[in-house]
Amino acid sequence: MTIPTRAQVELAAIRHNVGVVRGAAGGAEAMAMVKADGYGHGAVRVARAALEGGASWLGVAFLAEALTLRAAGIDAPIMVAVCPSGDDYGTGVVQGVDFGVGATWLLREIVAAAEATGRTARIQLAADTGMTRGGATVEQWPDLVEAALKAEAAGAVEIVGLWSHFACADEPDHPSVRRQIRVFKEAVELAERAGVRPQVRHLSNSAAALHLPEARWDLVRPGIATYGLNPAPALPDGGLRPAMTVTSKVALVKRAAAGEGVSYGHLYTTSRETNVALIPAGYADGVPRNGTNVLELLAGGKRRTVAGRVCMDQFVIDLGDDSLAEGEEVVLFGPGDRGEPTAQEWAERTGTISYEIVTRLGGRVPRVYSE
Ligand SMILES: *Cc1c(COP(=O)(O)O)cnc(C)c1O
């Protein structure tokens, strides 16, 4: 038994999108970012599809996410971007996971883990080129490079890559973009002069992969574009296809009198006698609560707007004199083929980005896959 709401994920779209990104990025290698359970789509299935579609690397935020991929038998190279103190680095080393390293204290923890396991840890040095989030600052970079080279000479680590992350790549003309490219170039040159021989140097997220050819280096790291959502909605997306469609089934239809308040707080009032339908999906499933009275979905071939409060498990739509059958499928969002809204449209209606719409899909919503 499952709940009536489900997320259908088209794996062909994932494969297609990796191809679109690699094409736009001049054939650079792709590290498909599958953190946060593959942006809500299911990390293991997405990872496999992305590799079939031409990605040669996978990226996650946390070690636990990388270990889930390894446990599923995925042996492609995986980079962990966020490495907090005290994580189980020994297991990560044994599993051949790459760690993003932006601080000497972290390097020391990973060296200790490598020595304890008798293996060489794979690391990718992270530079903060202007986002002021992860990575070593320009001031810290020379010391980090030197410490990493020492650890490499001792056999504790292998410096596999050098990388950084953009703050504003979705606005390619933002002045910080030029600056970050320049600072990254200098960081790479400094490391290479010092003797680092990285296999991969990388800076580009989805938006940069699509719009900043000068930021490609050896590979690009598409996240949202892998799932077919536009990283820079003001710009063309090069033919991406949204991979996820969320559907539910009408739970109940009934006649309501004119002037009736609908759902919690009575934030919607029927303007006349009308048919209302109950959709059994709510904010626990990822329907944003601030979609109250503004979100649209496709029901009975027409766009309908949520009538009143989105509740935890359900919301209501006003059908006027149309009717719907109980059990009839409705489409919350998808690629837009049938006239349904897209995740991008849901994001715009609720003041967020498409990333959040797909990523916060509830844990109780089954993901079902088509090849
Ligand atoms: C999430 C992430 C990305 C992907 O960003 P998108 O905007 O989704 O393409 C790339 N690099 C790192 C380090 C990330 O954490």
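When a ligand or atom number is given, it counts from 1 through the structure's own listing order.
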Residue part near ligand 1, for M33, under 4.0 Å between non-hydrogen atoms: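 Near ligand 1, M33 shows its side chain, while the N, CA, C and O stay back.
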Please confirm whether [X] comes within less than 3.5 Å of ligand 1 when only nitrogen or oxygen atoms on both sides are compared.
X: I224; answer: yes
X: G223; answer: yes
X: W163; answer: no

Determine whether the side chains of [X] and [Y] contain a donor N or O and an acceptor N or O closer than 3.5 Å.
X: R309; Y: H266; value: no
X: Q8; Y: S370; value: no
X: R255; Y: N275; value: yes

Inter-residue atom distance C83.SG - Q124.CD, 0.5 Å rounding: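 Reported value, rounded in 0.5 Å steps: 10.5 Å.
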Considering non-hydrogen atoms of the protein only, which is the closest contact for [atom], and what is the distance?
atom: atom 11 (N) of ligand 1; answer: R221 NE, 2.8 Å
atom: atom 7 (O) of ligand 1; answer: Y355 OH, 2.6 Å
atom: atom 1 (C) of ligand 1; answer: K35 NZ, 1.4 Å
atom: atom 8 (O) of ligand 1; answer: Y39 OH, 2.6 Å
atom: atom 9 (O) of ligand 1; answer: S206 OG, 2.5 Å

Quiz item: cation-pi between R45 and Y369, 6.0 Å / 45°: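 Yes, R45 and Y369 form such a contact.
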Proximity of W217 and F184 rings by center, below 6.0 Å: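 W217 vs F184: aromatic centres under 6.0 Å.
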From K185, R201, R197, residue fulfilling salt bridge (charged side-chain N to carboxylate O under 4.0 Å, His left out) relative to E192: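 Result for salt bridge (charged side-chain N to carboxylate O under 4.0 Å, His left out) with E192: R201.
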